[in-house]
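One structure is given here, and the rest of the page talks about it.
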Amino acid sequence: MISDKLKSKIAELNLEYCAVAIKFWLEKPSCPHFEGDKNAFCTYVNAVQKSGKRFYIEEADDMCYGKVSLGMIEPPPVTASGQAGFDFGCYQTPAACRGLYQNLPTIIKGTVKYVEFCPVADCDFDPDLVVFVASLPQADIIMRATSWISGEPWESKSSPVLSCAWMYAYPVISGKVNHITTGFYHGLKRRKLYPEGLRMISVPFQKLPEFEKGLCEMDWTLIAFRDDEKSRADLAEKMTHWQKMAEECGSSVALKDER
């Protein structure tokens, strides 16, 4: 369950596009079925952000191939051969695109029949993913919170086509946060869902406890980026201490306050 504390901290980010909780279901969820035209899987996060409504979709609602990475269907031979990616001009040869399908992160086939989407503020279930669409300053806070305890390096895995596989299947399978930039990816760009240059971040359920603790404990504006006198003095004191530590090691610290 997403705690009220985490919901409150996410609200403080003042995101233009609300954070979206996603749940993969074998059984039909109790929320309403999506009302509207069928579309590609990637559009449904945006549909929640535009409408503020909670809903679920099933395989027939996805008019693209997010359903492949969710294990709802087998990869269709023509697209899996790499022909579509080649014809779109994303790869030099069909074989290059076919390699993507051979390594595509895929949830165990037949275990996801329904996908529930809900604004985080209204979420009353344990999500498999929380998806953010954020400006760079907001994304900086989100990403730092995901590694606040573990210190894990950030990584971005994606591909010109089927970016949905890396944003919705890969994080759950790997337990790793993934992030991409709007404007790079074929399906997202064609459908003009977001302005270019925003960060889309998927935080899987495995990382949510650390993410919550990070948002609650860490400084959202780091000390080196604060201009008040106290912060300047505190940083100067820390840097003086670094030099003393270095001297005891017979070394030095080649860092200074650049402001």
Transitively linked via ILVMFWY side-chain contacts under 4.5 Å: Met72 with Met63? no
Side chain to side chain contact (heavy atoms under 4.5 Å, CB included) evaluation trace for Leu193 with Cys42: CA-CA 9 Å; Leu193 297 177; Cys42 61; 4.0 Å; yes
Other residues, nucleotides, ligands: >12 heavy atoms within 6.0 Å of Met245 CE: no
Is the distance between the ring centroids of Phe117 and Phe41 under 6.0 Å? yes
Do the side chains of Lys213 and Glu210 get close enough for a salt bridge, i.e. N-O under 4.0 angstrom? no
ILVMFWY cluster, Ile201 and Trp220 together (side-chain gap under 4.5 Å): yes
Report the C-alpha separation of Phe184 and Lys189 in whole Å, then their side-chain angles, then the decisive distance to 0.1 Å, and conclude whether the side chain to side chain contact (heavy atoms under 4.5 Å, CB included) test is met. CA-CA 7 Å; Phe184 275 141; Lys189 191 170 183 177; over 6 Å; no
Taken to the nearest 0.5 Å, the spacing of Leu215 CG from Thr146 OG1 works out to 9.5 Å
Take Glu212 and Ser3 through the side-chain hydrogen bond (donor to acceptor under 3.5 Å, both in side chains) test and state the conclusion after the steps. CA-CA 9 Å; Glu212 177 175 344; Ser3 69; 2.9 Å; yes
Are the side chain of Ser147 and the backbone of Ser150 linked by a donor-acceptor contact shorter than 3.5 Å? no
Using 4.0 Å as the upper bound for N to carboxylate O, is an ion pair formed by Glu116 and Arg54? yes
Would you indicate whether Lys176, at its atom NZ, is surrounded by more than 12 heavy atoms from other residues, nucleotides or ligands within a distance under 6.0 Å? no
Quick one: do Lys113 and Glu27 make a salt bridge, cutoff under 4.0 Å? no
Does the plane of the ring in Phe34 sit parallel, tilted or perpendicular to the ring in Tyr44? Use 30° and 60° as the thresholds. perpendicular
Under 3.5 Å side-chain donor-acceptor pair for Tyr194 and Gln49: yes
Residue His241 excluded, over 12 heavy atoms near NE2 under 6.0 Å: no
Give a yes or no on this: more than 12 heavy atoms of other residues, nucleotides or ligands lie within 6.0 Å of atom CD1 of Ile108. no
Residue pair Lys157 / Ile180: nearest heavy atoms and the distance that separates them: O-CG2, 4.3 Å
Would the distance check show the side chain of Ser202 and the main-chain N or O of Met167 forming a donor-acceptor pair, the cut-off being under 3.5 Å? yes
Flag if over 12 foreign heavy atoms under 6.0 Å of CD, Glu217: yes
Indicate yes or no for a side-chain donor-acceptor contact from Thr43 to the backbone of Asn39 under 3.5 Å, with no hydrogens or angles considered. no
Given the rule in the side-chain hydrogen bond (donor to acceptor under 3.5 Å, both in side chains) test, do Gln138 and Ser135 qualify, once you have shown the distances and angles that lead to the verdict? CA-CA 5 Å; Gln138 295 162 330; Ser135 66; 2.9 Å; yes
Electrostatic pair Asp219:Arg144 at N-O distance under 4.0 angstrom: no
Would you call Lys67-Glu58 a salt bridge at under 4.0 Å N-O? no
Would a line drawn from the ring center of Tyr56 to the ring center of Tyr114 be shorter than 6.0 Å? yes
N/O donor-acceptor pair under 3.5 Å between Arg226 side chain and Thr221 backbone: yes
Over all atoms of both residues, closest heavy-atom pair of Arg191 and Cys64: NH2-SG, 4.0 Å
If you look at every heavy atom in Phe211 and Ile142, which pair is closest and at what distance? CE1-O, 3.6 Å
Please test Tyr17 against Leu198 for side chain to side chain contact (heavy atoms under 4.5 Å, CB included), starting from the C-alpha separation and ending with a verdict. CA-CA 11 Å; Tyr17 301 91; Leu198 299 178; 3.7 Å; yes
Ignoring hydrogens and angles, tell me if any N or O in the side chain of Thr106 forms a donor-acceptor pair with the backbone of Leu104 under 3.5 Å. yes
Taking Ser163 for its side chain and Ser159 for its backbone only, find out whether a donor-acceptor pair lies under 3.5 Å. no
Same cluster (ILVMFWY, side-chain, under 4.5 Å), Ile223 and Met143: no
Taking a hydrophobic cluster as the set of Ile, Leu, Val, Met, Phe, Trp and Tyr residues connected by side-chain heavy atoms closer than 4.5 Å, whether directly or through intermediates, do Leu13 and Val120 fall within one such cluster? yes
Taking it one step at a time, do Asp228 and Ser231 satisfy side-chain hydrogen bond (donor to acceptor under 3.5 Å, both in side chains)? CA-CA 6 Å; Asp228 62 281; Ser231 295; 2.7 Å; yes
Check whether NZ of the Lys or CZ of the Arg Lys238 lies under 6.0 Å from the centre of the six-membered ring of Trp242 and within 45 degrees of that ring's axis. no
